[in-house]
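Right, one structure below, let's go through it.
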Amino acid sequence: MTGKKAETLNQRIRADLESRILSGQWEPGFRIPYEHELMEQYGCSRMTVNKVLTALAESGMIERRRRAGSFVARQPPHLEQVALEIPDIAMAVGARGHVYGYQLLERAYRAPRPQAAEEVALSGSDKLLAIRCLHRADGRPFALEHRLISPVGVPEVLDVDFDTTAPGSWLLQNVSWTRAQHRISAWGADDAAAALLEVKPGTACLVIDRLTWRGDQPITCVRQMFLGDAWDLVAKFAPGAR
């Protein structure tokens with residue numbers, strides 16, 4: 001098996017196991033199939049399975065117990081809770097009865113800016129995939145997006161064609177995430193943003209900055225600027241949630 005194929009299989013197995021854990025199909029305390037069972041299921045070597053399980057253990061998603069096997073980790077009571085979900089903008093627009101449109105404005109593979117701590121942490125001493133795109137509803141621009149994706153955390157992203165697929169939608173459908181941090185602010189659109197959004201400079205916009213992790217590995221950070229009258233936020237929470 002070539003290095004490229006082995007890496008792809010490793011990513012597929014990890015994503016599969018992560019999705020079962022994050023969806024609740026495998027609850028805390030559930031025993032992960034033994035290594036020989038995973039080898040048979042995926043038709044791979046013990047080394048590949050061990051690499052996947054080691055990565056999941058390092059991210060805190062599973063616990064490996066000598067001679068007993070691997071188990072879905074029981075999260076501590078002070079676990080952070082994400083009040084705001086990460087939306088798939090294309091699906092959200094469609095659910096509201098509008099026709100979604102997407103336009104890729106720029107794609108670049110660049111080094112992180114030394115003065116930007118989040119970019120340095122995201123890069124993992126490597127370059128970043130930088131994407132700038134525009135979201136539309138019924139042909140009208142309503143959101144401008146600047147996104148950085150870590151090829152260290154998501155190696156397969158370099159092979160994805162984002163000419164017709166929004167990066168956020170692709171990430172939600174293909175990459176599991178465990179934690180996210182949102183920062184919400186209100187801005188007036190500057191001249192460049194206003195031109196792309198087809199509004200007057202200074203038009204009120206809702207800005208969401210989000211950093212997303214898979215375990216301890218940051219995988220993407222994004223700034224999304226929505227026209228103030230085109231998007232709203234709904235947070236779900238319960239008494240006692242921290």
Side-chain angles (χ1 to χ4, degrees), residues 3-4 7-8 10-15 17-19 21-22 51-52 54-61 75 79-90 102 104-135 143-163 165-185 187 192-193 196 205-226 233:
K4 180 68 173 180
E7 181 181 10
T8 301
N10 178 301
Q11 294 162 0
R12 182 169 69 84
I13 297 172
R14 177 173 177 176
L17 301 188
E18 285 180 335
S19 68
I21 295 171
L22 295 173
K51 185 176 180 180
V52 171
T54 297
L56 291 176
E58 290 176 348
S59 71
M61 297 186 73
Q75 300 296 345
L79 178 69
E80 293 182 19
Q81 298 191 10
V82 180
L84 290 175
E85 297 180 354
I86 298 181
D88 183 327
I89 294 178
Y102 162 77
L104 177 65
L105 301 174
E106 181 181 5
R107 172 178 177 149
Y109 189 47
R110 65 167 176 80
R113 296 173 297 170
Q115 70 274 21
E118 285 187 351
E119 291 190 16
V120 174
L122 187 67
S123 69
S125 75
D126 200 349
K127 292 184 177 180
L128 296 167
L129 180 62
I131 294 175
R132 191 165 63 104
C133 58
L134 194 64
H135 301 277
L144 179 62
E145 176 173 322
H146 296 262
R147 182 180 293 272
L148 297 174
I149 305 175
S150 167
V152 173
V154 191
E156 63 270 35
V157 75
L158 296 179
D159 298 323
V160 179
D161 178 8
F162 288 114
D163 286 344
T165 302
S169 297
W170 183 86
L171 286 166
L172 286 171
Q173 294 166 14
N174 293 277
V175 181
S176 302
W177 61 278
T178 57
R179 182 163 56 102
Q181 173 182 295
H182 300 81
R183 182 170 62 248
I184 304 168
S185 55
W187 286 17
L196 290 169
C205 293
L206 177 70
V207 177
I208 300 177
D209 291 290
R210 181 187 303 114
L211 180 60
T212 309
W213 290 263
R214 180 163 67 176
D216 293 329
Q217 172 66 53
I219 55 177
T220 184
C221 65
V222 63
R223 168 166 291 173
Q224 295 168 327
M225 176 181 286
F226 297 91
L233 296 172

_Rounded distance [0.5 Å steps], CZ in R183 versus CZ in R223_ = 6.5 Å

*Quick check: does any side chain N or O of S123 sit under 3.5 Å from a backbone N or O of L128, one acting as donor and the other as acceptor?*
no

*Least distance between heavy atoms, A166 atom then H135 atom*: CB-CE1, 4.2 Å

*Sequence neighbours excluded, which residues qualify as salt bridge (Lys or Arg N to Asp or Glu O under 4.0 Å) partners of R14?*
E18

*salt bridge (Lys or Arg N to Asp or Glu O under 4.0 Å) partners for E145, two or more places apart*: R147

*Do the non-hydrogen side-chain atoms of M225 and L196 ever get within less than 4.5 Å of each other?*
no

*How many angstroms lie between atom SG of C133 and atom CG of L144, to the nearest 0.5 angstrom?*
7.5 Å

_Closest contact, heavy atoms only, D88 versus S169_ = OD1-OG, 2.8 Å

*Does the side-chain contact (heavy atoms from CB on, under 4.5 Å) test come out yes or no for V175 and W177, once each step is laid out?*
CA-CA 6 Å; V175 181; W177 61 278; over 6 Å; no

*Charged N-O contact under 4.0 Å between R110 and E119*: yes

*Mind checking side-chain contact (heavy atoms from CB on, under 4.5 Å) for V160 and listing every partner two or more places apart, or none if nothing turns up?*
F162, W170

*Got a second to check how far T220's OG1 is from L148's CG, nearest 0.5 Å?*
7.0 Å

_Partners passing salt bridge (Lys or Arg N to Asp or Glu O under 4.0 Å) against R107 (at least two apart in sequence or in another chain)_ = none

*Are the side chains of N174 and V157 in touch, meaning some heavy atoms are under 4.5 Å apart?*
no

_Could you go through I89 and Q224, starting from their C-alpha distance and side-chain angles, then the distance that decides it, and tell me whether this counts as side-chain contact (heavy atoms from CB on, under 4.5 Å)?_
CA-CA 11 Å; I89 294 178; Q224 295 168 327; 3.6 Å; yes

*Apply side-chain contact (heavy atoms from CB on, under 4.5 Å) to the pair Q173 and T165, showing each step before the final yes or no.*
CA-CA 11 Å; Q173 294 166 14; T165 302; 6.0 Å; no

_Quick check: closest heavy atoms across I149 and P167, and the distance to 0.1 Å?_
CD1-CB, 4.3 Å

*Spacing of L158 atom CG and Y109 atom OH [to the nearest 0.5 Å]*: 5.0 Å

*Which distance, rounded to the nearest 0.5 Å, do you find between the CG of L171 and the CD1 of I86?*
9.5 Å

*Please check if any side-chain donor atom of H182 sits under 3.5 Å from a side-chain acceptor atom of R210, or the reverse.*
yes

*asked:* Going by the rule salt bridge (Lys or Arg N to Asp or Glu O under 4.0 Å), which residues pair with D126 if we only count those two or more places apart in sequence or in a different chain?
replied: none

*What is the distance from atom OG1 of T178 to atom CD1 of I219, rounded to the nearest 0.5 Å?*
7.5 Å

*Check side-chain contact (heavy atoms from CB on, under 4.5 Å) between A57 and all other residues, then give those that pass, not counting sequence neighbours.*
I62, R64

